[in-house]
Amino acid sequence: PEDQKVNFVCVMLESYSDLSACAELTFSNDPYAAFHALQAESYSGTMLSDTMGGGTCNAERSFLTGYGYPHPDYRHETESFVQYFRRQGYVTDGSHPGHNWFYNRQNVNKNLGFDQYLFSEELFSTLTDQEFAYDDIFFPTLRELYEDRPQDAPYFNFSVSYQGHSPYDSTQLTWGTEYLPRGALSESTYYLVNNYLGSIADTGEKLAAFVDSFRQDEAPVVLVFFGDHKPTLGAGNCVYEELGISLDRSNLEGFTNYYATPYLIWANDSAKEA
């Protein structure tokens, strides 16, 4: 109904997972503090992706269409939730700091119903001197896209982050902070997992700031965040074994550890009123 339409900003987080949900890990610094605080004020839970360590477009297109793996090629206009919003008068928008040709997103996203989708070539390459923009650029840009939206129509945005993408350095602390102490971990695992968790911690802080920017917004907005898949950690995912995380898909625990990622759905007061 017209009086219940709210704006949606949905973000798929590259390789974002909660390792603390898979094993009892003793952190020297908690990389999930900001994210868990957001979970406490959101609808949140665990979803199962259909990929691990890669194949980002599978989780992405499952979210946008409801279809499962294996996906069609989307080489023509295809029914999707994007189309569903678009038919109701929503402006459909999105962005990703990656290249527009990867996974043929520049064409597929048009066929799924996006009015506009901005990639590195169209936007992010002008905002950073690195190949890909990280979350310190990505989330403020999302906020700017939201602020620049047409004011006479409801808004749907689905964007995909890049920060968190493998590989992770196994020789030094690139984020400058230890999250898991060395203990019995091998040297390479110590650096690799702490660098992954450094990215996780930074994403959590950027997420919290992004959410805060909507708290007093008079327009109703619902924010959705979820991880696309577990990260690849070491050759043959050997780091998981060192952390005591089973990836044995022949049983429920290992299967869940292999495919599970967190999600949360947050609404500002205006959206709750609607």
Side-chain angles (χ1 to χ4, degrees), residues 4-16 18 30-45 60 63-64 81-82 85 90-98 114-120 122-128 130 132-165 175 198-228 261-274:
Q4 294 182 26
K5 287 182 178 177
V6 300
N7 300 310
F8 290 92
V9 179
C10 309
V11 183
M12 188 173 76
L13 302 168
E14 172 61 41
S15 296
Y16 195 95
D18 188 349
D30 185 1
Y32 295 104
F35 188 78
H36 288 166
L38 285 177
Q39 283 183 312
E41 56 174 300
S42 307
Y43 287 107
S44 65
E60 175 179 349
F63 178 81
L64 293 174
F81 295 120
V82 190
F85 282 117
Y90 276 74
V91 172
T92 54
D93 198 6
S95 65
H96 174 50
F114 283 101
D115 296 317
Q116 170 183 258
Y117 213 94
L118 302 172
F119 298 93
S120 175
E122 294 84 10
L123 175 61
F124 289 99
S125 63
T126 66
L127 304 177
T128 179
Q130 301 183 44
F132 302 108
Y134 271 25
D135 288 348
D136 59 337
I137 294 173
F138 175 69
F139 281 108
T141 301
L142 280 191
R143 179 67 204 191
E144 290 179 13
L145 290 174
Y146 176 80
E147 291 174 352
D148 292 341
R149 74 193 187 283
Q151 298 298 309
D152 58 351
Y155 181 73
F156 172 82
N157 181 297
F158 172 77
S159 293
V160 179
S161 71
Y162 184 86
Q163 181 172 311
H165 201 291
W175 290 90
S199 173
I200 287 290
D202 184 74
T203 292
E205 293 171 2
K206 299 301 187 295
L207 272 182
F210 185 66
V211 170
D212 285 345
S213 73
F214 290 95
R215 291 187 186 276
Q216 305 304 320
D217 204 310
E218 293 183 0
V221 62
V222 172
L223 306 178
V224 180
F225 307 107
F226 66 97
D228 57 351
T261 64
Y263 72 85
L264 63 82
I265 305 170
W266 181 93
N268 68 357
D269 289 342
S270 299
K272 293 175 183 178
E273 291 172 7

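Counting from 1, the numbers follow the sequence of the chain as shown.
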Inset, instruction - For R215 and W266, run side chain to side chain contact (heavy atoms under 4.5 Å, CB included): C-alpha distance rounded to whole Å, both residues' side-chain angles, the deciding distance at 0.1 Å, then the answer. - result: CA-CA 10 Å; R215 291 187 186 276; W266 181 93; 3.8 Å; yes

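The heavy-atom pair separating N157 from Y155 by the smallest distance is ND2-OH, 3.0 Å. Here the closest non-hydrogen pair linking I200 and P31 is CG2-O, 3.9 Å. The two atoms that bring I265 and S42 nearest to each other are O-CB, 3.3 Å, heavy atoms only. Of all non-hydrogen atoms in E14 and Y162, the two that sit nearest each other are CG-O, 3.5 Å. V160 and P97 get closest at one heavy-atom pair: O-CD, 3.1 Å. Closest approach of D18 to P262, counting heavy atoms only: N-CD, 4.0 Å.
A heavy-atom distance below 4.5 Å is found between the side chains of F156 and C10. Residues R149 and D93 form no side-chain contact, since every pair of their non-hydrogen atoms from C-beta on lies 4.5 Å or further apart. Counting only heavy atoms from C-beta outward, the side chains of S199 and Y134 never approach each other to under 4.5 Å. With a 4.5 Å cut-off on side-chain heavy atoms, T203 and S161 do not count as touching. Contact of the L223 side chain with the V221 side chain is registered, since non-hydrogen atoms from C-beta on lie closer than 4.5 Å. F85 places none of its side-chain heavy atoms less than 4.5 Å from the side chain of P154. Inter-residue side-chain proximity for L118 and L145 is flagged as met; some heavy-atom pair is nearer than 4.5 Å.
Figure legend: R143 and Y146 shown without cation-pi pairing, the cationic atom not lying both under 6.0 angstrom from the six-membered ring centre and within 45 degrees of its axis.
Judged by distance alone, with hydrogens and angles left aside, the side-chain atoms of D228 form a donor-acceptor pair with the main-chain N or O of S15 at under 3.5 Å. Between the side chain of S159 and the backbone N or O of V11 there is no donor-acceptor pair closer than 3.5 Å. A donor-acceptor contact shorter than 3.5 Å links the side chain of D115 to the backbone of T92.
By the 30° and 60° cut-offs, the orientation of the rings of F114 relative to Y117 is perpendicular. The aromatic rings of F214 and F210 sit perpendicular to each other, their planes meeting at more than 60°, with 30° as the lower class boundary.
Within a 6.0 Å sphere centred on CD of E147, heavy atoms belonging to other residues, nucleotides or ligands number more than 12.
Outside the 6.0 Å centre-distance limit, the rings of F158 and F81 are not counted as a close aromatic pair. Taking the six-membered ring for Trp, Y16 and F225 have ring centres at least 6.0 Å apart.
Q116 CD to E122 CD: the interatomic distance, rounded to the nearest 0.5 Å, is 9.0 Å. A distance of 5.0 Å separates NE2 in H36 from CD in Q39, rounded to the nearest 0.5 Å. One distance of note links CG of D269 with CD of Q216; it measures 7.0 Å at 0.5 Å rounding. Annotation: the span from E60 atom CD to H96 atom NE2 amounts to 7.5 Å, rounded to 0.5 Å. To the nearest 0.5 Å, atom CD of residue E205 and atom CZ of residue F139 are 12.0 Å apart. Atom-to-atom distance recorded for L127:CG and F138:CZ is 12.0 Å, nearest 0.5 angstrom.
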